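Here's the structure, in structure tokens; my notes come after.
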There are 2 protein chains.
Amino acid sequence: MSQSDRTPRVRLVDVARAAGVSKTTVSDALNGAGRLPAATREHVQKVARALGYRPNATARLLRAGHTRLLGLAAREYVETPWVYADLAYFSQIVTATTRAALAHGYGVVLLPTYGPDDCWLDIPLDGVFVIDPVEGDPMVRDFLAAGVPVVSDRRALAEVPGEARAAGGWVDFDNDAAVRQVLDHLEEAGAERIAVVAGATTACFHQQSVRAYHDWCAERGRAPRIACLPAPGVEQTLQAVTELLAAPVPPDALFTLVELSTPLLLDTIRRLGRSVPGDLLLVCTTEDPAASYTDPPISTLSFLPGETARAAVELLVDRLDGRGGDDGRLFSADFRIRASSAAPGGGRGGGDRAARPG
Amino acid sequence: MSQSDRTPRVRLVDVARAAGVSKTTVSDALNGAGRLPAATREHVQKVARALGYRPNATARLLRAGHTRLLGLAAREYVETPWVYADLAYFSQIVTATTRAALAHGYGVVLLPTYGPDDCWLDIPLDGVFVIDPVEGDPMVRDFLAAGVPVVSDRRALAEVPGEARAAGGWVDFDNDAAVRQVLDHLEEAGAERIAVVAGATTACFHQQSVRAYHDWCAERGRAPRIACLPAPGVEQTLQAVTELLAAPVPPDALFTLVELSTPLLLDTIRRLGRSVPGDLLLVCTTEDPAASYTDPPISTLSFLPGETARAAVELLVDRLDGRGGDDGRLFSADFRIRASSAAPGGGRGGGDRAARPG
DNA sequence: CCCTTGTGCAGGAACGTTCCTTCACGAATA
DNA sequence: TATTCGTGAAGGAACGTTCCTGCACAAGGG
């Protein structure tokens with residue numbers, strides 16, 4: 001009943017019967033294999049075309065032993081899958097994963113993140129890329145147990161005990177270094193009261209970043225000024241910024257970790273009567289290219305979703321093809337200093353240059 | 001070699017042998033089928049768990065006759081697949097398709113859009129959602145020929161001759177009506193020289209919209225002012241806007257059809273010395289929620305990618321489950337009038353109200 | 001004339017499931 | 001005692017491919 005028509009699809013044997021040859025001959029003729037004279041080959045092809053024969057993909061896969069399908073799952077807010085794919089970071093991850101996979105002859109399946117038991121195992125996959133896995137992630141566990149190689153974007157979680165480890169790879173960022181780099185830069189530019197806007201999610205990124213910020217503040221004896229958003233959204237984010245800036249002694253620098261329309265943020269800050277970078281230095285974590293076209297251009301921190309995804313797919317494909325390469329790859333975030341965080345004295349900034357750690 | 005380990009995976013028969021029962025018993029015990037006493041069932045389950053047995057997904061699918069996998073393909077700029085998934089429209093289509101599919105127990109495969117011959121047929125799919133198919137699209141043809149139901153977002157292309165038609169569905173917009181609605185609104189608000197920014201792509205949306213604009217202008221004896229972008233990108237778009245506004249007799253209204261950061265556009269217009277809506281009325285085609293938070297809020301035209309995708313999936317799923325419902329669904333775009341296109345006299349606008357045609 | 005070598009194809013075993021059919025056996029009924 | 005009946009489980013045929021093996025026949029060499 002699943003097939004819309006009740007005509008039961010023409011199979012290989014049907015072609016064979018119609019052409020008066022065996023299954024083998026048909027298969028060989030259509031796949032360009034075996035030793036067949038051109039005449040036979042063409043005859044079979046003609047018959048197959050006449051009958052409208054199309055090979056059954058599932059049967060081929062069963063025979064082949066692999067599916068050329070890679071799974072992609074985002075494990076943040078598991079109960080509402082793919083809601084955050086609207087964010088530029090996820091969107092670019094999806095795009096880049098797909099493009100890289102296709103370049104290697106693989107398709108990409110967007111996976112369910114919750115559901116009855118281990119329902120994801122019903123999908124025939126050769127490998128999986130898991131974004132933001134949680135501690136002891138059941139999905140990761142299931143796939144590894146099923147012998148499906150997993151690459152995640154958190155190296156900490158790839159360190160599972162025992163033999164399963166051999167099948168897990170990772171790509172990751174030096175998150176601490178990135179956050180510190182931004183904070184150091186702001187301090188150097190004269191900032192004394194740096195405020196941070198983060199998200200209260202299960203994503204390692206936010207948790208790690210917030211911790212790094214607290215550590216950095218503690219080392220300098222500064223009081224952290226932080227707003228943690230329970231959920232993403234334009235309204236909430238702008239609200240948080242407004243509140244931060246309304247403090248009795250307002251911050252002189254703002255570092256956002258949540259994704260947001262940067263031109264809109266700039267505009268909002270202006271409407272609150274503060275100028276960038278005059279009154280407030282600004283650095284945004286974002287993948288939005290619009291950031292470099294604002295006035296002033298905004299300093300950005302990017303976690304290179306495209307490169308991450310590409311690397312993850314390469315890792316996975318290498319592993320699938322038996323080329324056991326590295327266990328993982330560590331990236332550095334891409335910090336681009338622009339006018340929005342230039343020193344008041346004018347000693348820095350104005351340009352559009354990338355800074356890389358150590 | 002494809003499987004990373006050379007341990008050849010434990011199969012159903014292996015469990016059967018180890019448990020001292022037959023394949024049937026194992027299958028029934030694990031799937032909760034058949035008539036088995038609890039003791040046997042538990043014994044088999046224990047053995048299976050001990051051996052680390054995981055059923056082979058491909059084999060199940062072959063047996064089941066369906067894959068619970070839906071394909072998603074964007075046919076715009078076929079040679080560079082998924083580059084435009086960064087755009088909010090595509091991104092939301094992908095998100096909504098995936099969520100709707102998962103809700104019905106289907107996974108989503110992001111399809112290749114080019115490649116050797118009909119390579120997409122190697123992927124085991126139950127149905128396909130094709131965005132922006134081109135005329136006589138080979139992908140659509142291939143899938144229909146292979147008996148895989150196709151839903152596209154262009155009703156014009158679903159009208160293929162003959163019996164194949166029964167397998168194609170569509171969701172679409174009344175594009176002309178939407179464009180005219182915006183133009184009429186701008187005219188009513190006092191605009192006399194409406195300029196349009198469109199993209200030069202194969203997407204029906206742009207072509208149809210441009211045609212509608214030309215027709216509308218012709219009916220009124222107005223000269224069309226249009227900028228067609230060869231490629232999307234912040235730089236190009238802002239450049240086009242700058243040029244349009246630099247005309248000797250500049251436009252008094254702007255209607256953008258390409259996706260763009262709306263706060264950035266507003267900012268750019270201001271930097272060119274024009275005020276919105278005072279000097280220039282503004283309506284943007286966008287899916288970006290930031291548009292309602294700018295100052296002034298921007299009037300937007302949305303093609304509801306989320307609802308489109310949901311409808312497409314419903315259509316597909318209905319067809320797959322034998323519930324032959326409609327052939328398609330026609331949507332109306334969502335035009336929201338805000339202050340950016342309010343009449344100079346102040347007669348209109350300021351609010352945030354939706355307008356629907358008809 | 002027999003043995004090799006090569007060509008053209010057929011048969012059938014995989015791939016790993018599910019599920020339909022059958023069969024044995026003990027208990028209940030006639 | 002001979003017939004039903006229900007329970008528990010085995011056997012094997014699908015699902016639709018691919019590909020290994022092997023057979024028949026013809027041509028060539030000794």
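Just so it is clear, the model here is predicted, and its values are computed rather than measured. Chain letters run A, B, ... following the sequence lines, proteins first and then strands; every chain starts at 1.
- Between the side chains of A:Thr24 and A:Ser27, not a single donor N or O lies within less than 3.5 Å of an accepting N or O.
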| Intermediate values then yes/no, side chain to side chain contact (heavy atoms under 4.5 Å, CB included), B:Val109 and B:Leu72 | CA-CA 6 Å; B:Val109 183; B:Leu72 178 62; over 6 Å; no
Below 3.5 Å between N/O atoms, which protein atoms pair up with nucleotides 12-14 of chain C? Just atom names and distances, please.
unit_1: C:dG12; atom_1: O6; unit_2: A:Thr24; atom_2: OG1; d: 3.4
unit_1: C:dA13; atom_1: N6; unit_2: A:Lys23; atom_2: NZ; d: 3.4

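- Across C:dT17, D:dT17, D:dA9, the shortest atom-to-atom separation from the side chain of B:Pro55 is found for C:dT17.
- Residues A:Tyr53 and A:Leu30 are in side-chain contact: their nearest non-hydrogen atoms beyond the backbone lie under 4.5 Å apart.
- With respect to the salt-bridge test (charged N to carboxylate O, under 4.0 angstrom), the residues B:Asp126 and B:Arg68 do not qualify.
- For A:Leu12, whose side chain is taken as the heavy atoms from C-beta onward, the closest listed nucleotide among C:dT17, C:dG16, D:dT17 is D:dT17.
- Evaluation of the side-chain contact (heavy atoms from CB on, under 4.5 Å) rule for A:Leu51 yields A:Val10, A:Val15, A:Ala18, A:Val47 as partners, not counting sequence neighbours.
- Within residues 29-47 of chain A, the residues that place at least one heavy atom under 4.0 Å from DNA chain C are, in residue-number order, A:Arg35, A:Leu36, A:Pro37, A:Thr40.
- In terms of position on DNA chain D, the residue among B:Leu62 and A:Ala64 whose nearest nucleotide sits closer to the 5' end is B:Leu62.
- Checked against side chain to side chain donor-acceptor pair (under 3.5 Å), A:Asn56 has no partners two or more places apart in sequence or in another chain.
- For the pair A:Asp28 CG and C:dC9 C1', the interatomic distance rounds to 9 Å; values are reported in whole Å.
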Report all interatomic pairs (protein N or O, nucleotide N or O of nucleotides 25-27 of chain D) with separations under 3.5 Å.
none

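- The separation between B:Asp14 atom CG and C:dG16 atom C1' is 10 Å, rounded to whole Å.
- Note: NE2 (A:His66) to C1' (C:dG16) measures 16 Å, nearest angstrom.
- For the pair B:Asn56 CG and C:dG16 C1', the interatomic distance rounds to 6 Å; values are reported in whole Å.
- Put simply, CG on B:Leu316 and CG on B:Leu70 are 4.5 Å apart, with the number rounded to the nearest 0.5 Å.
- Taking A:Arg141 as the reference, A:Pro138 meet the side-chain contact (heavy atoms from CB on, under 4.5 Å) condition, with sequence neighbours excluded.
- Side-chain contact annotation: B:Thr25 with B:Ser22, donor-acceptor N/O pair under 3.5 Å present.
- No contact: A:Val13 has no heavy atom under 4.0 Å from any strand.
- Remark: B:Arg329 CZ is loosely packed, at most 12 non-hydrogen atoms of other residues, nucleotides or ligands lying under 6.0 Å away.
- Salt bridge annotation for B:Arg41-B:Asp28: absent, with no cationic side-chain nitrogen under 4.0 angstrom from a carboxylate oxygen.
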